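Let me begin by presenting the structure, written as structure tokens, before commenting on it.
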Amino acid sequence: MDYEKKDIHEQGAVDNRIEEIALDDERRIKVLSPTMLVFKRFIRNKLAITGAIIIGFMFIFAFVGGWLMPYAEDQTFTKYVDMQKDYAAVSVNRDYKYTEVEGAKFPLAARSEFVLAVSKNGTDISSDGIDYTIEKLGQDFYRIYQQTDIAVATKVGKNYNISITGDVGKGFEAEFKKALENGDTQFTSGQTTYVVIQKKKTFHAAISNPVAIASKYMFDFATADADSGYEFRYQAELAMNEVKDRGGKGTITFTANGKQYEMEVEDDTAVIFAADDYNAVYANISRYIVQATYPDVFLSIDFKTQVKELISEDASEFIFTEADGTARRYTIVRNNEQWNIKWTESTLVFDDYHSPTWAHPLGTDGSGMDVLTRLMYGGRISLMIGFIVVLIETLIGVVVGGLAGYFKKHMDNALMRVVDVFNSIPSLPLIIILGAMMDEMRVDPQARMIYLMVILGLLGWPGIARMVRGQILSLREQEFMTAAEATGISATSRIFKHLVPNVIPQLIVICTMDLGNIILMESTLSFLGLGVKFPFASWGNIINDVNNVFVLTNYPFVWIPAGFCILITVLGFNFVGDGLRDAFDPKMKR
Amino acid sequence: MRKYILKRLFLSLFILFFVALIIYTIMRSLPTSYVESIARQRANLPGSKSFTEWMDQLNAIYGLNTGIIQGFFQWIGSAIGGNFGDSWYYNIPVTQKFTQVIWYSFALGAIAFIFELLIAIPLGILSAKKQYSKTDYAVTVFALIGISLPTFFFATILKLVFSINLGWFDLYGMVGRFHDQLTPLGKILDIARHYVLPVITLVCVNIGSLMRFTRTNMLEVLNSDFIRTARAKGLPERKVVNRHAFRNTLIPIVTIIGGALPGLFSGALITETLFGITGIGRTAYDAMVNGDIPFSMFYLVFLAILTLSGTLLADILYAAVDPRVRVS
């Protein structure tokens, strides 16, 4: 009312300047169209204008913003993270390592027998029906022979009863007998040397072949394809033992497989050079085992040498430069008799919960997506769902309400009971049930969004139908309807061309308010994880992250903006709806 | 009057019948594979009945092997007798679970409602008395913010500020860690402490509409002829507002309060879920999300009954309180 007084006052001020005009002159009366009047009243309402600005901003933010943003809706960002990873492990070797002769076998069962025998200083073992002899070559260094029986002799009186099982040359029997009578432990027949073994009352003549060496020393080779076979190791260890016997320090040469090597021994370690290349280390011998954690990594001998040295010095960190010049920092972590060597490797991971920066003004969310971009696309979806649902609601509501209001009596009664029924169906629980069902059935996210809109629309129309019916009940008694009836037009066009347009102001108000409510409802459902689903963004499902207390506490930049977007948008719609109601109905003034 | 009430009561039962039918139809139309998978899932829980037993129970109580209409009448027959079947999720009869949890919800709803009334009505009247003043704008904005606040967002902010940053309240649950060691009074205080944040959430979210309603009605009364008469005969403004205007504003307010009373039993689904209050809302939410059809069915019908009785109560109160309506 105040505003209208002000209107007249302003017009008066203008008119004072044109004194010649008569009081009832047409020019004095400024005629405004009803729409213009509503518009003028609307823009005088500060709250309504604030609401309109908010909504305008939200539309630009959602629809233009998403289009301007350089990122896509479901674009994920990644980063490199330095992670400490196990690179190698070092331990002191306390077990025998066996090197088998090419083609020969020293099975697992025999190995355990060997360990038992060595601890008791025994020399003969047998496993699985095969006899072995152990020859001690040095400290913790043994050679194992396999005995293959060729002949068996049984003593009968003074005579020996010999039965030959293997393939032997001439004169074998005589030699065997001679050896038996002399009590020799070995004899030669032809070019083969046989050993004589007594087992209870029988004597066996057997060929003795080396099958393996056992040692506690570890060999590290410079190249993966180095000669690491039995012969090399046997000769190397033999040479090393010789030096140790001489005093533990010194240089020695040895030959293996026709190649000459030189070895420098110092206490428990030895370095071997190939005779044709003294610059590069060929192999290392020590008690340490250096193993790469991943099988595809070949540790260079320089690396191993350095690690061994550092471990004996108790260092905790070192930098090693590879042959190709790349230097890396390693850390050594000691764990009893084990040393773990770790290196920092940069790994590609999702850049999740990144704090706000210029590239990501609101940071990134739990999937490594830009929060601002998600907000924009979420706004699009939330607003679009709001408008489509309101459209469905209005269509059903206007038709039902219009028919009920116009036809009265039975039609009215029946339709209003339908409205009552729909009004009594609890919508949020029902949608939760349907959402949970869609979860179970793994409905496609896009189809889900459409179902959501349809369900929300089908459950939301009773309010609109009631309002339309109420308005039409009073409008249909007015004179213009009598006139419309007199022209003889059909009932349908009387309802939808003459009555419904008169309800439009109230309809706009109720729809605006409803838009806010639907956005709230949709965001609540999405928050519960039952509405709009990943990969689609919605303001509700952005906040969904707070179900994780860690996110709730530490990353408020992920969920607070989304919450404010919902609040501000719904508030905007409520302000505008409120302002529109006042503008359409100045008598009531809220 | 009695005839009117009886007529409305009959109508409400009639509507309830159809609401139940629609809900039942929706429940029955859920794909059977889903029902079966849920039954299988339930059967796999330790101490549960076997799969066939679950399916038999389904067929027996919900008549899944019969037509929808026949099954509905079977369901409604046992429901009238108070038998809503066994909850699939809680493994006890639905009504038993309901009686266990409903009072927690009622307490939450009732406390919040009292606060709402105490704040909303005075503020609504104040803003109507000083229409277009700064106070009026402030109250209007406050009310609209309350209406526009997403419950889950507001609850989360409260948790962040009061539970995490200030550490005054627990994040979840109805009782503290040492609840069992407290004295009886201490136990009550402990529960009260856990109700503070949920009550604040509910009050802030729901207060807006009541405030707006009070204001609109007060304005309507203040603009009416008898107030002008009262002012014209020289009554002090205080008397005009407090005696004449306020009493007449009470008519619609009492109506709406009456209508809201059944709603106190409906439980606050989101608030209860977020704050870990094991009321009917949260219980029903867990049941619904886990595909507990008997409990969901019961909860939906229960809510429909509450809505209908709310409308009924409001209409009857309106007729009872306002003599002008009673005539027609």
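Hydrogens, waters and symmetry mates are skipped; everything else that's a heavy atom, side chains included, is used. The structure displayed is predicted, hence computed values, not measured ones.
When every heavy atom of B:P150 is checked against every heavy atom of A:I566, the shortest pair comes out as CG-CG2, 3.4 Å. Between B:P294 and B:F84, the shortest heavy-atom distance links the atoms CB-O, 3.9 Å.
Side chain of A:W539 to backbone of A:L375: a donor-acceptor contact under 3.5 angstrom is found. In terms of modelled atom types and a separation under 3.5 Å, the side chain of B:N165 and the main chain of B:V161 share no donor-acceptor contact. Side-chain N or O atoms of B:T271 include none that pairs as donor or acceptor with a backbone N or O of B:L202 at under 3.5 Å.
In this structure, no portion of B:F17 lies under 4.5 Å from any heavy atom of chain A. Of the two parts of A:L434, only the side chain, counted from C-beta on, holds a non-hydrogen atom closer than 4.5 Å to a non-hydrogen atom of chain B. Heavy atoms closer than 4.5 Å to chain A are found nowhere in B:I305, neither backbone nor side chain. With a 4.5 angstrom heavy-atom cutoff, A:F564 touches chain B via backbone and side-chain atoms both. Only the side chain of B:I22 comes within less than 4.5 Å of a heavy atom of chain A; its backbone N, CA, C and O stay farther away. Contacts between B:L269 and chain A at a heavy-atom distance below 4.5 Å involve the side chain alone, from C-beta outward. Heavy atoms of B:I147 lying under 4.5 Å from chain A belong to its backbone as well as its side chain. For A:L567, the parts sitting under 4.5 Å from any heavy atom of chain B are the backbone and the side chain alike. Looking at B:I145, the atoms closer than 4.5 Å to chain A (heavy atoms on both sides) sit in the backbone and in the side chain alike. Looking at A:L571, the atoms closer than 4.5 Å to chain B (heavy atoms on both sides) sit in the backbone and in the side chain alike. Using a 4.5 Å cut-off between heavy atoms, B:L306 does not touch chain A at all. Residue contact with chain A, scored on non-hydrogen atoms closer than 4.5 Å, involves the side chain of B:Y172 exclusively. For chain A, no part of B:L16 is nearby; none of its heavy atoms comes within less than 4.5 Å. If you measure heavy-atom distances from B:L21 to chain A, you find no contacts under 4.5 Å at all.
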(message) Please evaluate residues B:R212 and B:T140 with respect to the criterion side chain to side chain contact (heavy atoms under 4.5 Å, CB included), reporting the C-alpha separation (whole Å), side-chain torsions for both, the decisive distance (0.1 Å), and the verdict.
(response) CA-CA 7 Å; B:R212 304 278 298 154; B:T140 304; 3.2 Å; yes
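Between A:R466 and A:D420 there is a salt bridge, since a side-chain N of the basic residue sits under 4.0 Å from a carboxylate O of the acidic one. One finds a salt bridge joining A:R469 and A:D412 here, because a Lys/Arg side-chain nitrogen approaches an Asp/Glu carboxylate oxygen to under 4.0 Å.
Considering only heavy-atom pairs separated by less than 4.5 Å from chain A, the leading option among B:L144, B:I164, B:T307, B:V141 is B:L144. Heavy-atom pairs under 4.5 Å with chain A were tallied for B:L303, B:L308, B:T156, B:I270; the largest tally goes to B:T156. Between chain B and the options A:D439, A:N517, A:T50, A:L520, heavy-atom pairs under 4.5 Å are most frequent for A:L520. Most heavy-atom pairs under 4.5 Å with chain B, from the set A:A562, A:P429, A:G435, A:P556: that is A:P429.
By the 6.0 Å and 45° rule, B:K159 stacks over the aromatic ring of B:F275.
For the 3.5 Å distance criterion, the side chains of B:S148 and A:N574 qualify, holding a donor opposite an acceptor.
For B:F98 and B:F302, the ring centers sit closer than 6.0 Å to each other.
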